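Every chain is numbered from 1 and lettered A, B, ... according to where its sequence line falls, protein lines coming before strand lines. On a predicted model such as this, the values are computed, not experimentally measured, just so you know.
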Number of protein chains: 2
Amino acid sequence: MDNKTSRDPAMTDVAKLAGVSHQTVSRVLNDHPNVREQTRLRVRAAIQELGYRPNRAARALVTGKSQLIGVVAQNSTLYGPASLLAAFEEAAAGSGFSVSVGRVKVLDRASIAAAVERHRDQRVAGIVAIAPTASANDALADVPAGVPLVTIDGDPGRPTPLVTVDQAAGAFAATKHLLDVGHRTVWHVSGPADWFDAAGRVQGWQRALEAAGAEVPPVMAADWSAAAGYRAGQMLARMPEVTAVFASNDHLALGVLRAMSERGRRVPQDVSVVGFDDVPEAAYFIPPLTTVRPDFDAVAREALGLLLAQVSDGESAEPRRTIAPTLVSRESVAPPA
Amino acid sequence: MDNKTSRDPAMTDVAKLAGVSHQTVSRVLNDHPNVREQTRLRVRAAIQELGYRPNRAARALVTGKSQLIGVVAQNSTLYGPASLLAAFEEAAAGSGFSVSVGRVKVLDRASIAAAVERHRDQRVAGIVAIAPTASANDALADVPAGVPLVTIDGDPGRPTPLVTVDQAAGAFAATKHLLDVGHRTVWHVSGPADWFDAAGRVQGWQRALEAAGAEVPPVMAADWSAAAGYRAGQMLARMPEVTAVFASNDHLALGVLRAMSERGRRVPQDVSVVGFDDVPEAAYFIPPLTTVRPDFDAVAREALGLLLAQVSDGESAEPRRTIAPTLVSRESVAPPA
DNA sequence: GTCGATTATGTTAACGCTCACTTCATCGCC
DNA sequence: GGCGATGAAGTGAGCGTTAACATAATCGAC
C-alpha cells in the first residue's frame with residue numbers, strides 16, 4: 001500500500017505525473033484554449049491514471065459559486081410538483097449541476113426565507129423556486145438581487161424570470177372539449193384559490209364558457225385532495241342539471257368520480273368528467289379519465305435554461321416561458337343524455 | 001455605499017468587529033469549549049450585525065467533508081420512493097444537512113455508479129441509496145469503503161447498513177386480515193420480481209396463508225402500475241373462486257378495482273381487495289381501499305441516524321433497522337358471500 | 001534574421017476556513 | 001512564592017482550486 005492511502009489525488013499530483021504545472025491541469029479541466037493538444041492528452045492520461053476528481057469545494061471557494069442549484073419546493077407528494085422536481089433534477093444533471101432540495105412544509109414567508117438562506121449558505125449558483133401561491137411569491141421578493149432566481153408556476157403578473165404551464169390554455173381546452181361534445185355548460189371544481197395554477201384554470205374555464213355563450217356556474221372551491229373532490233362531487237351529484245365537470249386536478253376528479261358512483265350517477269353516461277395533470281393512474285380510474293397533460297420536462301428544461309442564462313451573462317432577454325399542455329382524451333367524457 | 005459592496009463578510013471581518021482573532025470566531029461557531037461567555041456573546045453580536053454566514057465551501061475544503069448528503073434514487077414518481085425522499089430531505093434539514101439528489105433513470109450498475117461518482121465529486125458526507133432491486137444493490141458494492149453508505153429498501157440478506165420497511169410483516173397482516181374475515185384463501189398480485197419490496201410482500205402473504213393452512217394460489221406477477229393491476233384483475237375477475245385479492249401496492253389495487261368493476265364483480269361484496277402503501281387517494285378509490293401504511297418518516301429518520309453515526313464514529317453497532325407498517329382498514333374488505 | 005504578436009506554460013497570490021501550535025494569564029497547592 | 005495545570009486566547013500554515021500576471025516558445029512578415 002501507499003503511505004498516504006487516504007488522501008485523494010489533487011491537481012498537483014496530476015501535474016507532477018504529467019510533467020506540467022497544476023495550472024495547466026486546471027486549464028485542461030476547464031477547456032481553456034491555448035493548451036497544446038499533446039499536453040492536453042498527457043494531462044488527461046494522468047487524470048485517468050490517478051483517478052483524479054476535482055475538488056468542488058476548492059473551486060467553489062475561489063470562484064464563489066458552486067455547481068449546485070438550490071430548489072425550493074413544497075414538501076408534498078402532489079403529483080405536479082413532484083414530477084416537476086424530478087424533471088428538473090434530471091435536466092440539471094445533464095448540465096453538470098447537482099440539485100439541492102430545500103423542502104418547505106408550508107409556503108409561508110418565514111419557511112421560504114429559511115430555505116433560501118440554507119441554499120445561500122451553500123453558495124448555490126442559483127435558485128429555482130416552485131412557488132405556486134401568492135405568499136410563496138411574496139417571500140421570494142426577499143431574495144437578494146445578486147442571486148439568480150427562476151420561479152416555476154409563480155405569479156404571472158410579475159416581471160421575474162418565470163416558467164409556467166399555461167393553465168388557462170389547458171383549462172380552456174378541457175372546457176371547450178366538453179362543450180363541443182354537446183354539454184350546455186361545465187361545472188368546475190377548483191383547487192385552492194391562492195394557487196396560481198388553480199386561478200389560471202378557473203380563468204381558462206370561464207373564458208371557454210363565455211366564448212361559447214354558455215352560462216357560468218359558481219365555482220366549487222376545494223383544495224387539491226381527492227377528499228375535497230369527493231365532497232364537491234357529492235353536491236354536484238345531487239344536482240340533476242349537472243352533466244359535465246372539469247376538475248382542477250386528477251385527484252379532485254377521482255373524488256368526483258367516487259361521489260358520482262355512490263349516488264348512482266354514471267360516468268360518462270350521466271355526467272362527464274375531465275381532470276388535469278394526467279397522473280399515471282388516471283388511465284385506470286373508473287372510467288379512465290380524460291385529462292390535461294402538462295409537459296413537466298419542458299418546464300424543467302426551460303427553467304434550467306433561464307437560470308443558467310442568468311448565471312452566466314446576468315440577464316436573459318425574454319425571461320418568461322409558457323408551456324402549453326395537451327388534452328388527453330379517454331372515456332370519462334360523452335355527450336349528455 | 002461601501003467600496004466593496006459585493007463581497008460577503010468573512011470570518012476576519014467578524015473578528016475585527018468583535019475585537020478578537022478569527023480563530024476565536026471559529027471556536028464560537030463550532031461550539032468549542034474554552035471561550036469565555038462574554039467573548040462568545042461579543043462574537044455572536046458581531047455575526048448578527050454583519051449578517052455573516054460561514055462559507056461552507058471553505059470549511060469543506062479544509063475538513064474534506066461537506067454538509068451534504070447524497071441520495072441515489074430512481075427517477076420515478078412512484079409514491080413510495082417519492083415519499084421516502086421527501087421524508088429524508090426533511091429529516092436531513094433538521095440536522096443541518098442539505099440533500100443532493102442524484103436521480104437515476106434505471107437501476108442498473110452503470111447509472112448508479114455514475115450517480116455515486118457525481119456525489120463523490122461533491123465530497124458528500126455520506127450517501128443514502130434507495131436500492132430496491134438486486135441490480136441496484138450490486139451496483140452499490142462498487143462504492144468505496146471509505147464512503148458512509150446507508151441503503152433503504154435494499155437487500156435484506158446483506159450486512160450493509162440498511163433500513164427497510166418490514167414488507168413481509170405488512171403483507172402478513174393484510175393477508176391475515178382477509179383470512180380472519182372468512183376468506184378461504186387470498187390471491188396475490190405482485191410487484192416486479194426483482195424488487196425486494198415485492199419479494200418481501202410475496203413472502204409475507206405466503207406465510208400467512210401457510211400459517212392458516214390455506215391453499216397458496218399462484219402469484220399474479222405484475223409491475224407497479226395500475227395498468228398491470230388491471231390486466232391481472234381481468235384474469236382474476238373471470239375466476240369465480242377468487243374472493244380476496246392482496247395487491248402489492250395501491251396502484252395495482254386500483255387496476256384490480258377497475259377490472260372487477262368492468263366485469264360486474266362488486267367490491268367488497270363479491271371480492272375483497274387490499275393494497276399496500278396508503279397513497280393519499282386510497283381513501284377515495286371506489287370503494288375506499290383497505291391498505292398497509294409504511295411509516296416513511298420513521299424510515300427516513302433511521303436512515304439518517306445510521307448515516308450520521310457512520311460519519312462520526314465510523315461504525316454503528318447494529319446497522320440495520322426494520323420499520324413495521326400498519327394496516328389501515330377501509331371499505332374494500334368484507335366477508336365472502 | 002529580427003521584431004512584435006500570438007500561443008503555450010509557469011509562478012504566485014488569494015479564497016475563507018480549521019488544525020496544530022504557541023502564548024499569556026489565572027489559579028490552586030505544597 | 002514558585003510551579004505545574006488549566007483556561008482563554010492568538011499565530012501561522014495549509015486545504016485544492018482559479019485568476020492575474022509573468023515568462024518562454026513559436027511564428028509570420030519585412
Side-chain angles (χ1 to χ4, degrees), chain A residues 4 6-44 46-47 50-68 96 120-125 311-312, chain B residues 4 6-44 46-47 50-68 96 120-125 311-312:
Chain A
K4 286 198 167 193
S6 54
R7 199 178 123 272
D8 288 344
M11 211 175 243
T12 49
D13 301 318
V14 175
K16 205 173 301 169
L17 183 59
V20 297
S21 77
H22 66 117
Q23 176 61 348
T24 300
V25 177
S26 171
R27 281 194 263 259
V28 170
L29 247 41
N30 295 291
D31 286 324
H32 274 249
N34 300 358
V35 177
R36 223 187 330 163
E37 193 53 29
Q38 181 193 340
T39 314
R40 194 182 296 275
L41 257 42
R42 207 142 34 91
V43 169
R44 289 248 169 78
I47 288 176
L50 263 55
Y52 164 77
R53 45 193 345 120
N55 184 324
R56 300 214 185 195
R59 180 186 310 207
L61 176 57
V62 62
T63 61
K65 290 283 171 216
S66 65
Q67 288 285 97
L68 248 191
R120 294 195 60 213
D121 271 0
Q122 307 249 3
R123 301 293 199 275
V124 293
V311 170
S312 44
Chain B
K4 288 199 166 194
S6 55
R7 202 177 120 272
D8 288 345
M11 210 173 243
T12 47
D13 300 318
V14 175
K16 208 173 298 170
L17 183 60
V20 297
S21 74
H22 65 117
Q23 175 60 356
T24 300
V25 177
S26 171
R27 280 194 264 259
V28 170
L29 247 41
N30 296 290
D31 286 324
H32 274 249
N34 301 358
V35 178
R36 227 185 327 163
E37 194 53 27
Q38 181 195 338
T39 314
R40 195 182 298 273
L41 256 41
R42 209 143 30 91
V43 170
R44 289 247 168 77
I47 288 176
L50 287 152
Y52 165 78
R53 49 196 336 122
N55 184 321
R56 298 213 185 195
R59 182 189 307 212
L61 177 57
V62 61
T63 61
K65 291 280 170 217
S66 64
Q67 288 285 94
L68 250 191
R120 295 195 59 212
D121 271 359
Q122 307 246 7
R123 302 294 201 273
V124 294
V311 170
S312 46

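Remark: B:Asn55 CG to A:Arg123 CZ distance equals 4.0 Å, nearest 0.5 Å. Atom-to-atom distance recorded for B:Ser66:OG and A:Gln122:CD is 7.5 Å, nearest 0.5 angstrom. In this structure, CZ on A:Arg56 lies 15.5 Å from CG on A:Leu61, to the nearest 0.5 angstrom. The CD atom of B:Gln67 sits 10.0 Å away from atom CG of A:Asp121, with the distance rounded to the nearest 0.5 Å.
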Working for side-chain contact (heavy atoms from CB on, under 4.5 Å), residues A:Arg53 and B:Arg120: CA-CA 9 Å; A:Arg53 45 193 345 120; B:Arg120 295 195 59 212; 3.8 Å; yes

Stepwise, does the side-chain contact (heavy atoms from CB on, under 4.5 Å) test hold for B:Leu29 with B:Ile47? CA-CA 10 Å; B:Leu29 247 41; B:Ile47 288 176; 3.3 Å; yes

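Look at CZ on A:Arg40: it is 9 Å from P on C:dA8, rounded to the nearest Å. Between B:Lys65 atom NZ and C:dC17 atom C1' the separation is 17 Å, expressed in whole Å. For A:Gln38 and C:dT7, the CD to P distance is 18 Å, given to the nearest whole Å.
Listed pair A:Arg36 / C:dT9 meets the phosphate criterion, a side-chain N or O lying under 4.0 Å from OP1 or OP2. Between C:dG10 and A:Thr24, a contact under 4.0 Å exists linking OP1 or OP2 to a side-chain N or O. Distances shown here put every side-chain N or O of A:Asn34 at or beyond 4.0 Å from the OP1 or OP2 atom of C:dT7.
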Please write out the pairs of protein N or O atoms and N or O atoms of nucleotides 23-27 of chain C separated by less than 3.5 Å, giving the distance to one decimal.
none

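The terminal axes of the helix from C:dG1-D:dC30 to C:dC30-D:dG1, fitted over 5 pairs per end, subtend an angle of 40° to the nearest 10°.
Residues satisfying the side chain to side chain contact (heavy atoms under 4.5 Å, CB included) test with A:Arg40, not counting sequence neighbours, are A:Val28, A:Asp31, A:Val35, A:Glu37, A:Arg44.
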Output one letter per nucleotide in nucleotides 22-28 of chain D: B when a protein non-hydrogen atom lies under 4.0 Å from the base, S when only the sugar-phosphate is that close, - when neither is. -------

Summary of protein contacts for nucleotides 14-21 of chain D, nucleotide by nucleotide, where a base hit scores B, a sugar-phosphate-only hit scores S (4.0 Å, heavy atoms): BBBBBBB-

Can you give the donor-acceptor pairs under 3.5 Å from side chains of residues 12-26 of chain A to other protein atoms, not counting sequence neighbours?
from	atom 1	to	atom 2	distance (Å)
A:Asp13	OD2	A:Arg7	NH2	3.0
A:Asp13	OD2	A:Ala10	N	2.7
A:Ser21	OG	A:Gln23	N	3.4
A:Ser21	OG	A:Thr24	N	3.4
A:Ser21	OG	A:Thr24	OG1	3.4
A:Ser26	OG	A:Asn30	ND2	3.4

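Put simply, the side chain of A:Arg59 reaches to within 4.5 Å of the side chain of A:Pro54, judged on heavy atoms.
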